[in-house]
Structures are given as C-alpha cells and as structure tokens.
Amino acid sequence: MKRGNWRASGTDRQRQHSQSQWRSRHRPLHDEQEYSSESTAGDAGSSTAASSAPELPGFYFDPEKNRYFRLLPGHNNCNPLTKEGLQKKEEEKKRSALLAEDDGPRKKAPRTGLNSALLLQKRHLGLLPPSSYSRLIHEVKVSGMQRHRLEVQSSNSTSPNTDNFHLIVADSACERVFTVNDVSHGGCKYGIMNFHGYRKGSLSVEMCDNLYFTNRKVNSVCWASVTHTDSHVLLCLVGISQTPGCVSLLPASLFSNFNPGTNHQPGMLCSFKISTAWSCAWCLNPQADKTFSTGQFLTPCLYAFLHYAVAPVLFNGCRSGEIFSIDLRQRDRGRSHGWKTSRFFQESAITSIQLLQDENYLLAADMLGKIKLWDIRVKRSVKQYEGHHNEYAYLPIHVNEPEGLLLAVGQDCYTRLWSLHDSSLLRTIPSPHPAGKDSIPNVVFSSQLGGSRGLPGLLMAVRHDLYYYSYNKDYQDGLTLEGQC
C-alpha cells in the first residue's frame, strides 16, 4: 500500500513538473498574437535565438524581433503572415543582399588564385595551351562582369518601353536579337533589336520601327536559314477561341528600318496550321534542307536538330523524361520503337536540350532542376551541373562552346554560369527585379555581341528592362542614336 502510494505521489510530482515546464514554454497568446522567446537578448544574438527557438506548429519565430507570431491560412488576405509570404520575404531579403554584393567592385574569383595576370604569365611560360588559356580567361571575366542598364531606343519613338520582355533570341552571329514582348491589352508584339556603338567601346540597342502585333501568345522562336544564314524567323503561336494555333515563317527583312521601296520583295512568308504546336526547331543539315519540326501539346516534345552530324538526326525531349533521336532518312519506317535510333531517360520532364559540336554529347535539363551531359554512344550521363532551380517551367539552357560556358536561368530568377569543361559553378547572378513568375529573366551571352567586332558580355531582359553585363570594368554607358552618327 505504501509502495503504491509512493508511486502515485511520484507520478503526481512528475506530472506537476511537466505541467510547469509546459506552462513556462507555452504562455497564453494575447490579442496581438505574439509572445517573447525564453532566450534573453543579452545572452545571444538574433541568429542564435533563431537557431535555438523551437518550431511550434502554426507559429513563426522572427529572429529580429525575438518573438513568435501566429500563422493563419495563406488564403486569408487580412493576415500578412503566411508561410508563403514569409518565405518570399526571406528570398527577397537574400536577393537584395546578393544584388548589393554583386554590384560591388570586387567579386569572388571562380577558382582560388585564378586571375588574368597569373594566366598570362603561365601562357608566356608555355604552361598553358591556347585553348585552356582562352577558357580560363573567360571564367575570370564572367566572374567580374558589371551590370549596366540599356535604354531600348527607336528612331521614331521617344517613349520608354513599358511592355515586359517575354523572349529574346539572338541569331547565330549575335548581330541581331529577336524579341517578343507581352502587351498590356493581351497578346504580343515582336520585332528585331540591333546593336550599335560597340566599335566605340560601348553598347546600345535600337528596336526596329515596324513591330508586328498579334492577339495570340508566342510560345517559341528560332532563327531559320531559308535563303541564307538566319534569313527568316520561325514562330509558334498559340491558338485562341476560334483561331487555331500555327507556325509562322517570317523573313527577317520585314523588321528592317530601311524602306527599299514598293518593289522590294521581303522573301518567303508563310504560315502552317498546327493547332497544338508549342515548340519549334529548324534543321541546318543540307540533307534535310528547309525542314523544321514542332513539339505539340498532345505529344509534348522539345526538338533540337543535330546540326553537325553527317546524317540529319533529330533529338527529342519528352514530358516523360525520355530523350530519343530520329534519323530523318528513316521516316518511312512508321511510328514504332524501331524508328528511334537512340533512347535514354532523365528523372523528370525534359525542359531543354542542346547538342554540342561534338555530336556524341548532348545537354538536357528537366523539371527537377537537373542539368546533365550525356554521352550518346553509351547512353550514360557523364557530368551534372549543380545549382539550377526548376520545378514546373520550360526554361532554356544556353551553351557557349567557344568560351566553354553553360548558362541557365532558374525558376528562382537567378542566372547561373558553369564551366562546361568540369561543371564548376562559376557565378550566380541575382535578378535586378524581385522574383516572380512574370519576372524570370531572358538572357543572351556572347563574346561578340553585335557581330565579329562586338563586345563580350551578357544581355539580360527582365520585365521591361534590358541590362548589359560587361567584361570591361571601365565600361562607359552607350551613346544615344544621335551620338553615334
């Protein structure tokens, strides 16, 4: 009996002790929906408090105010504290800090001890072959690129551009950039931007005067070589209402500011009714001259023609994660697995594929944010480029083989540059604008923006603004059109 009483009293003491501990840790919440943390400000900073504060379901701990705040469902518009809102706030705070750091004069070198002077010395001593020297110099230069805002100029308009960029695609020589802008009343406008001033050491852009407008959305764009290199532009337009989707082939001369007169023939202009087309690719192989392919909604594939192979081969990336190739000379074999000359898989839906000059290698990105380099001969991934962020968007990857660089813009709106050679992440560039679905940057990179004598650097279009990231630390902003005359 005594033994039983002793156990009961011990249990009561344990219960009272547990209740007192619970009360001390879980004080009543008042109308202001907050209470102080147990940590004292004098013993630890906000970072220590954030790490030591226990996570409570339904509450958020603010390390700056050292308090807990109640979280309500995200659909409650009267409550500013939601998990989504707090996450967005933290991401914006991180972006602003990285942007301020990125705008600073000194940037972290991509590799320890790597700088232009050291590379030049090694080259003079014969310790670096020319190809390695060129690649490493580009790595140093991209790590130190400085941001400059460009004004998009037009000879017949003084009003600034207020329409958000949707797509920018450079031609093969980076002399012109085809642009698609979303317009406020719905639909798109598209035209060609030309570079100016690069021979004087600065860069400016001029938009063509004769922009084209459409009430449909432009999903995909690529340059097409019909009469000569990059003579035309191929566009995928999404159908709306009673108007079906189509693929349009437009001569680039339509967008020239020069008016040659009424007798001028702009070249082939045609449209193909493909109601579910959403991506396109143009073939440069002479064995399949004037051939293009489209990916469709019902059978979603991303197409990329193999430009450098002896045989005209088409590579396809699918929503299932499958990547397969088709030899266009075997099109009569019918739709069966026998017509696929090569097949391999990634873990998620393919969002972009790029073929290297060595036709045995292919780069592919998917909706898990994975970017892999595949050896087509053995159907095996040989490199992976870490850091890319994507969950649902069809975002392109950009390959610049002469410079040895790979670029991709993530769903988080950060632009990342990797070494194509060893997959090292060289630089992460924060967006100049807050992140959002309508604020994902579009980029063009080249060591010759404007043509053979152009300037090296990165062109970034985000919302209605255009930026140039220059190799030259002493770069001066571009001249106006009048100043270039």
Side-chain angles (χ1 to χ4, degrees), residues 167 217-222 234 236-239 245 247 274-283 288 291-307 309 311-356 359-399 406 408-412 416 423 437 440:
L167 292 170
K217 181 181 179 181
V218 178
N219 246 10
S220 180
V221 173
C222 68
L234 197 65
C236 279
L237 295 109
V238 180
V247 177
I274 307 175
S275 58
T276 57
W278 63 276
S279 65
C280 58
W282 185 265
C283 183
T291 301
F292 72 90
S293 290
T294 63
Q296 302 183 43
F297 285 117
L298 299 180
T299 56
C301 292
L302 295 169
Y303 293 103
F305 274 103
L306 184 55
H307 301 170
V313 177
L314 174 66
F315 277 86
N316 311 262
C318 305
R319 186 168 58 187
S320 63
E322 180 185 11
I323 302 169
F324 65 90
S325 61
I326 302 171
D327 190 330
L328 298 187
R329 298 170 300 180
Q330 301 177 6
R331 284 175 288 185
D332 298 333
R333 297 181 63 177
R335 293 186 61 86
S336 65
H337 288 313
W339 67 325
K340 299 178 180 180
T341 57
S342 181
R343 297 177 68 205
F344 45 93
F345 291 83
Q346 287 199 187
E347 293 79 6
S348 183
I350 303 300
T351 60
S352 182
I353 53 178
Q354 290 288 337
L355 292 145
L356 302 189
E359 61 192 58
N360 295 312
Y361 295 95
L362 175 143
L363 278 161
D366 62 28
M367 285 193 181
L368 289 177
K370 305 294 185 182
I371 302 177
K372 296 183 178 182
L373 178 66
W374 290 87
D375 187 329
I376 300 169
R377 297 165 296 185
V378 296
K379 302 176 185 178
R380 184 170 60 89
S381 171
V382 293
K383 282 189 180 71
Q384 185 161 319
Y385 300 82
E386 303 289 349
H388 185 52
H389 178 74
N390 191 15
E391 296 176 356
Y392 59 79
Y394 285 96
L395 301 173
I397 54 177
H398 309 272
V399 180
L406 169 67
V409 179
Q411 188 181 315
D412 55 0
R416 295 175 175 88
S423 71
K437 292 182 180 180
I440 298 178

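In what follows, every heavy atom counts, from backbone to side chain, and hydrogens, waters and symmetry copies are set aside.
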**OP:** Using atom types as modelled and distance alone, determine if a side-chain donor or acceptor of S220 lies under 3.5 Å from a backbone N or O of C236.
**Re:** no

Original post:
Distance-only, no hydrogens or angles: does the E391 side chain make a donor-acceptor pair with backbone N or O of Q411 under 3.5 Å?
Top reply: no

Measure across [X] and [Y] and return the closest heavy-atom pair with its distance rounded to 0.1 Å.
{"X": "I397", "Y": "A408", "answer": "CG2-CB, 3.9 Å"}
{"X": "I326", "Y": "F324", "answer": "CD1-CE1, 3.6 Å"}
{"X": "W374", "Y": "R380", "answer": "CE3-C, 3.4 Å"}
{"X": "I353", "Y": "G317", "answer": "CD1-N, 3.8 Å"}
{"X": "I376", "Y": "S342", "answer": "CG2-OG, 3.9 Å"}
{"X": "A393", "Y": "T351", "answer": "O-CG2, 3.4 Å"}

Original post:
Considering residues at least two apart in sequence or located in another chain, which fulfil the side-chain contact (heavy atoms from CB on, under 4.5 Å) criterion with L234?
Top reply: C222, V247, L249, C280, W282, F292

Nearest 0.5 Å, please: how far is [atom2] in [Y] from [atom1] in [X]?
{"X": "L237", "Y": "K217", "atom1": "CG", "atom2": "NZ", "value": "11.5 Å"}
{"X": "L395", "Y": "I440", "atom1": "CG", "atom2": "CD1", "value": "5.0 Å"}
{"X": "K437", "Y": "Y392", "atom1": "NZ", "atom2": "OH", "value": "4.5 Å"}

Original post:
With side chains defined as the heavy atoms from C-beta onward, is the minimum distance between S381 and F344 less than 4.5 Å?
Top reply: no

Original post:
Any side-chain heavy atom of N219 within less than 4.5 Å of one from Y394?
Top reply: no

Original post:
What residues, two or more places apart in sequence or in another chain, satisfy side chain to side chain donor-acceptor pair (under 3.5 Å) together with Q384?
Top reply: E386

**OP:** If a pair satisfies salt bridge (Lys or Arg N to Asp or Glu O under 4.0 Å) and one of its residues is in residues 361-376, list it, with sequence neighbours excluded.
**Re:** E347-K372, D375-R377

